[in-house]
Amino acid sequence: MSFTTADVVKLRKVTGAGMMDCKNALADADGNFDRALEIIREKGKLVASKRADRDATEGAVLAKTTEDKKFGALVVLNCETDFVAKNENFVAFADNILNVALTQKPETLDALKALELDSRSVEAQVTEQTGVIGEKLDLSYFGKIEAETVVSYIHPGNKLATLVGFSKAGVDEQVAKDIAMQVAAMSPVSVDTDSIPQEVINKELEIAKEKFRQEGKPEAMLDKIAQGALQKWYKEVTLLNQAFIKDGKISVKDYLAQYDKDLKVTGFERFGLDA
């Protein structure tokens, strides 16, 4: 069975594979388009298998909200090299996955992988693109926030993104963006002290006491000194207690209170490839 240039172009459009790969697949399939499509997809599985032990530490970190700003999603699609991470087709593919997450609102990463993207599962599409691109790809992270207002922020370069949820609708865009950028820049571990598990607090106290014990501080003073160290730690790791990045003289809590004393941060998501 023969095939035309139009068939090659069509196969390339459907799969994203290179022109020569599409031409070779059609030749191997004797011009049968469906079989050629299978060949391209089988190649993806083969390449994925061969590259399974590679490190995919580069990639794109993207975040976005629904139009009503009530739901936000963050996805991380990894690849092996920065060259691929910057490729517009790779970023567009990651964005397509993100759009599926926004539309379908899955609960977990596995649920997202099982959702349909262009008539096939997201997971199958990632495997197929591994063959097309020639590098190991891995959809490694999915985060989501639902709130009265959700804001997203992507740091230039697509290596770091955040989502932040607020307790009220219609939050001023600049205020919301400031908090999202605060999360990006300062990498808090929780919104406030109440959301830190007690076992984590106890561990920090023990670490502090041992540190000061090694420095020769009196045993009777260790609890008090460790409590002081804990308060300093809170200011470093809890969002509301951090110094506001645009004005170090006030805390994030103070900044929000200046806008609306009843406005609360309900949660956040942050992912950075480097930190």
Polar side-chain atom of [X] near backbone of [Y] as donor-acceptor pair, under 3.5 Å:
{"X": "Arg270", "Y": "Ala184", "result": "yes"}
{"X": "Thr162", "Y": "Glu269", "result": "no"}
{"X": "Thr127", "Y": "Glu123", "result": "yes"}
{"X": "Thr149", "Y": "Gly170", "result": "yes"}
{"X": "Ser187", "Y": "Val183", "result": "no"}
{"X": "Thr65", "Y": "Phe71", "result": "no"}
{"X": "Gln182", "Y": "Ile245", "result": "yes"}
{"X": "Asp82", "Y": "Ala85", "result": "no"}
{"X": "Ser190", "Y": "Asp192", "result": "yes"}
{"X": "Tyr141", "Y": "Leu74", "result": "no"}

Just how far is it from atom [atom1] of [X] to atom [atom2] of [Y], taken to the nearest 0.5 Å?
{"X": "Leu112", "Y": "Lys144", "atom1": "CG", "atom2": "NZ", "result": "11.5 Å"}
{"X": "Phe166", "Y": "Thr266", "atom1": "CZ", "atom2": "OG1", "result": "8.0 Å"}
{"X": "Leu160", "Y": "Ile154", "atom1": "CG", "atom2": "CD1", "result": "10.0 Å"}
{"X": "Thr130", "Y": "Glu80", "atom1": "OG1", "atom2": "CD", "result": "9.0 Å"}
{"X": "Lys235", "Y": "Thr193", "atom1": "NZ", "atom2": "OG1", "result": "12.5 Å"}

Does [X] have more than 12 heavy atoms from other residues, nucleotides or ligands lying within 6.0 Å of its [atom1]?
{"X": "Glu173", "atom1": "CD", "answer": "no"}
{"X": "Lys253", "atom1": "NZ", "answer": "no"}
{"X": "Tyr259", "atom1": "OH", "answer": "yes"}
{"X": "Glu88", "atom1": "CD", "answer": "no"}

Does this structure show an ion pair linking [X] with [Y], if we count only N-O contacts that are shorter than 4.0 Å?
{"X": "Glu58", "Y": "Lys86", "result": "no"}
{"X": "Glu148", "Y": "Lys70", "result": "yes"}
{"X": "Lys159", "Y": "Asp274", "result": "no"}
{"X": "Glu215", "Y": "Lys211", "result": "yes"}
{"X": "Lys203", "Y": "Glu206", "result": "no"}

Are Leu256 and Leu240 close enough, and set up right, to give a side-chain contact (heavy atoms from CB on, under 4.5 Å), and what steps lead you there?
-> CA-CA 9 Å; Leu256 285 175; Leu240 296 182; 3.9 Å; yes
Cluster overlap [X] with [Y], hydrophobic side-chain contacts below 4.5 Å:
{"X": "Leu62", "Y": "Met181", "answer": "no"}
{"X": "Ile179", "Y": "Phe271", "answer": "no"}
{"X": "Ile145", "Y": "Met186", "answer": "no"}
{"X": "Val151", "Y": "Val171", "answer": "yes"}
{"X": "Phe142", "Y": "Leu77", "answer": "yes"}

Any chance you could pull the hydrophobic cluster mates of Leu230, using side-chain heavy atoms under 4.5 angstrom and chaining through other members?
->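 Grouped by the 4.5 Å side-chain rule, Val189, Ile196, Val200, Ile201, Leu205, Trp233, Tyr234, Val237 form the rest of the cluster around Leu230.
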Will you find, in the side chains of [X] and [Y], an N or O donor that is under 3.5 Å from an N or O acceptor?
{"X": "Asp223", "Y": "Gln227", "answer": "no"}
{"X": "Asn241", "Y": "Ser251", "answer": "no"}
{"X": "Ser140", "Y": "Asp138", "answer": "no"}
{"X": "Gln198", "Y": "Asn202", "answer": "yes"}
{"X": "Glu236", "Y": "Gln242", "answer": "no"}
{"X": "Thr81", "Y": "Glu135", "answer": "yes"}
{"X": "Gln214", "Y": "Glu210", "answer": "yes"}

Can you check whether [X] reaches [Y] side chain to side chain, under 4.5 Å on heavy atoms?
{"X": "Met221", "Y": "Phe212", "answer": "no"}
{"X": "Leu139", "Y": "Val76", "answer": "no"}
{"X": "Leu137", "Y": "Cys79", "answer": "yes"}

Evaluate side-chain contact (heavy atoms from CB on, under 4.5 Å) for Phe93 paired with Leu117, printing each intermediate quantity in order.
-> CA-CA 10 Å; Phe93 178 54; Leu117 173 60; 4.0 Å; yes
For the pair Leu273 and Val61, evaluate side-chain contact (heavy atoms from CB on, under 4.5 Å) and give the outcome as yes or no after the intermediate values.
-> CA-CA 8 Å; Leu273 289 178; Val61 185; 3.7 Å; yes
Going by the angle between their ring planes, with limits at 30° and 60°, are Phe244 and Tyr255 parallel, tilted or perpendicular?
->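 Taking Tyr255 first and then Phe244, their aromatic rings lie parallel (interplane angle under 30°).
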Closest approach of [X] and [Y], non-hydrogen atoms and distance?
{"X": "Ala180", "Y": "Tyr153", "answer": "CB-CB, 3.8 Å"}
{"X": "Leu163", "Y": "Ala63", "answer": "CD2-CB, 4.0 Å"}
{"X": "Pro197", "Y": "Ser195", "answer": "CD-O, 3.6 Å"}

Identify all side-chain donor-acceptor contacts of residues 97-109 below 3.5 Å with residues at least two apart in sequence or on another chain.
| unit_1 | atom_1 | unit_2 | atom_2 | d |
| --- | --- | --- | --- | --- |
| Asn99 | OD1 | Lys64 | NZ | 2.9 |
| Asn99 | ND2 | Asp95 | O | 3.3 |
| Thr103 | OG1 | Asn99 | O | 2.9 |
| Thr108 | OG1 | Ala111 | N | 3.1 |

Could you please spell out the steps behind the side-chain contact (heavy atoms from CB on, under 4.5 Å) verdict for Leu239 and Val265?
-> CA-CA 9 Å; Leu239 174 62; Val265 174; 4.0 Å; yes
